[in-house]
There are 2 protein chains.
Amino acid sequence: MQKTVQKRTLKTRARLIEAAEDVIERNGYQALRVEDVVQAAGVAKGTFFAHFRDKDALMEMLIGERLVACFDQVEQGPAPRTAPEIADALRPIHAFMTSERYVFDLIIRYSGATAITEIGPIARCFERYVRLVAGWLETAKVRHDISPDLLAEGVQAFAIQSMSLKFCALHEAESFSDRLEIYLDAWLTPAA
Amino acid sequence: MQKTVQKRTLKTRARLIEAAEDVIERNGYQALRVEDVVQAAGVAKGTFFAHFRDKDALMEMLIGERLVACFDQVEQGPAPRTAPEIADALRPIHAFMTSERYVFDLIIRYSGATAITEIGPIARCFERYVRLVAGWLETAKVRHDISPDLLAEGVQAFAIQSMSLKFCALHEAESFSDRLEIYLDAWLTPAA
DNA sequence: TTTTGTAATTGACCACGGTCATTTTTTCCA
DNA sequence: TGGAAAAAATGACCGTGGTCAATTACAAAA
């Protein structure tokens with residue numbers, strides 16, 4: 001029961017990914033067509049699906065990679081200590097998540113893995129989000145009557161709410177940042 | 001510039017809707033195929049799209065109707081006054097929203113209308129959710145340092161977070177109701 | 001080098017949502 | 001009642017994601 005992986009495989013895979021990134025670079029995630037990718041990569045359509053379960057799987061990988069990079073960046077900075085500082089520190093992550101409606105929808109769709117075996121980069125980022133924020137909260141100027149973990153899950157919930165409203169015509173008046181700050185202030189530092 | 005609507009139109013539309021409801025009754029929302037609906041209704045495929053912009057438009061209508069019915073039911077009951085009571089009162093709405101992953105995803109996708117002109121039943125229900133809960137909160141045993149509207153938006157955010165986690169393998173341990181109650185208690189009655 | 005089993009690739013094909021030029025039905029006025 | 005204009009319905013056709021039996025390339029054993 002061997003399962004040697006040929007060098008050819010890695011090359012083909014790399015070509016597919018590169019082609020996909022090119023297409024996205026030019027037209028955004030939303031506009032990506034599998035046909036375009038395989039043509040740019042110079043392979044047959046079937047080959048694509050031998051390398052990725054479906055189109056979404058490739059998208060999850062590519063978007064997940066970018067998301068991980070956002071987290072890396074955010075973790076470089078100093079730990080924020082107040083609600084507005086936290087909102088500001090998370091900005092790169094939120095900015096990418098709302099860069100395209102397609103991106104936001106896909107991230108939300110993959111935020112919770114439906115089976116343990118298929119936990120992907122995006123689902124892992126959602127866990128990382130909570131860990132990251134919970135870490136900040138431990139020493140931040142916020143309420144401490146409930147656990148940092150629960151508090152961090154709340155931050156996530158409010159961030160998602162704010163991001164959803166960003167794509168909503170009914171709530172254009174308020175900006176994403178303003179809304180998130182208001183939420184976080186009420187959640188993290190109540191009974192002022 | 002007349003635009004008479006023929007009786008035939010209404011009949012065809014009614015047949016399409018009835019056929020769709022039959023299909024859904026049997027196999028759920030997820031499994032609905034336009035082909036099946038038009039065949040059951042005895043019309044051509046093109047006719048479907050003369051009556052509904054696309055498949056999602058029909059789904060929004062049908063799911064929206066059910067959602068409105070849930071709200072009507074919830075509004076019949078007495079106003080809850082504590083966090084657990086609020087979670088409990090909202091149960092019929094949340095139950096329907098999480099009855100099928102497809103239903104949840106579609107509702108989320110239509111929760112924010114992208115253009116003022118296309119506000120549908122689901123987007124209206126999201127406004128109604130906030131109004132309903134804010135009304136309860138005015139006289140409930142909860143914090144009053146922030147407006148009932150903001151508080152209600154938070155309830156919505158936590159409910160969505162809880163529902164998302166319901167579909168997530170990583171968070172199966174805790175039940176939806178338990179999680180929501182914990183969130184709402186922390187959000188509505190802090191600094192106990 | 002040849003053989004042979006398996007990994008990788010291919011492209012014709014399918015499923016399903018959606019379009020549109022054409023045809024059929026209805027309406028309404030002379 | 002005839003016939004023209006509007007409304008509705010039709011179904012062949014398209015775009016795009018995805019499948020799979022057949023073919024080709026590879027690498028290890030003979």
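First the proteins, then the strands, lettered A, B, ... as listed; each starts at 1.
The residue A:Leu32 sits close only to the backbone: its heavy atoms come under 4.0 Å of sugar-phosphate atoms, none of a base. A:Thr9 comes within 4.0 angstrom of sugar-phosphate atoms only, judged by non-hydrogen atoms across all strands, and of no base.
Classified by interplanar angle (parallel below 30°, tilted 30° to 60°, perpendicular above 60°), the ring pair A:His94/A:Tyr129 is tilted.
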- [ ] Could you walk me through whether A:Leu90 and A:Val133 pass the side chain to side chain contact (heavy atoms under 4.5 Å, CB included) test, one step at a time?
- [x] CA-CA 9 Å; A:Leu90 290 168; A:Val133 175; 4.2 Å; yes
Task: side chain to side chain contact (heavy atoms under 4.5 Å, CB included) assessment of A:Glu181 paired with A:Asp88 - done: CA-CA 9 Å; A:Glu181 247 187 58; A:Asp88 200 58; over 6 Å; no
- [ ] Decide yes or no on side chain to side chain contact (heavy atoms under 4.5 Å, CB included) for A:Arg81 and A:Trp136, but give the supporting numbers first.
- [x] CA-CA 7 Å; A:Arg81 297 182 48 79; A:Trp136 289 340; over 6 Å; no
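Both tests hold for B:Arg143 against B:Trp187: distance to the six-membered ring centre under 6.0 Å, angle to the ring axis within 45°.
Between the NZ atom of A:Lys45 and the C1' atom of C:dC14 there is a distance of 10 Å, rounded to whole Å. The separation between A:Leu58 atom CG and D:dG18 atom P is 11 Å, rounded to whole Å. Regarding A:Leu10, its CG atom lies at a distance of 14 Å from the C1' atom of D:dC26, rounded to whole Å. Between A:Glu35 atom CD and C:dT10 atom C1' the separation is 14 Å, expressed in whole Å. Computed from coordinates, the B:Asp36 CG to C:dA15 P distance equals 12 Å when rounded to whole Å. As a whole-Å value, the separation of A:Arg33 CZ from D:dG15 P is 12 Å. Between A:Phe48 atom CZ and D:dG18 atom C1' the separation is 10 Å, expressed in whole Å. Distance A:Gln6 CD to D:dC26 C1': 5 Å, rounded to the nearest Å.
Residues from residues 49-57 of chain B with heavy atoms under 4.0 angstrom of DNA chain D, sorted by number: B:His51. Of the residues in residues 11-31 of chain B, none lies under 4.0 Å from DNA chain C by heavy-atom distance.
With hydrophobic clusters built from ILVMFWY side chains whose heavy atoms lie under 4.5 angstrom apart, B:Val130 does not share a cluster with B:Tyr183.
Distance check: B:Glu153 CD to A:Leu165 CG gives 6.5 Å after rounding to the nearest 0.5 Å.
Listed by first and then second residue, the ring-ring contact (aromatic ring centres under 6.0 Å, His included) pairs involving residues 96-121 of chain A are A:Phe104-A:Phe167 (not counting sequence neighbours).
Atom CD of A:Glu118 has more than 12 neighbouring heavy atoms from other residues, nucleotides or ligands inside a 6.0 Å radius.
At D:dA25, none of the side-chain N or O atoms of A:Arg8 fall inside 4.0 Å of OP1 or OP2 (strictly under the cut-off).
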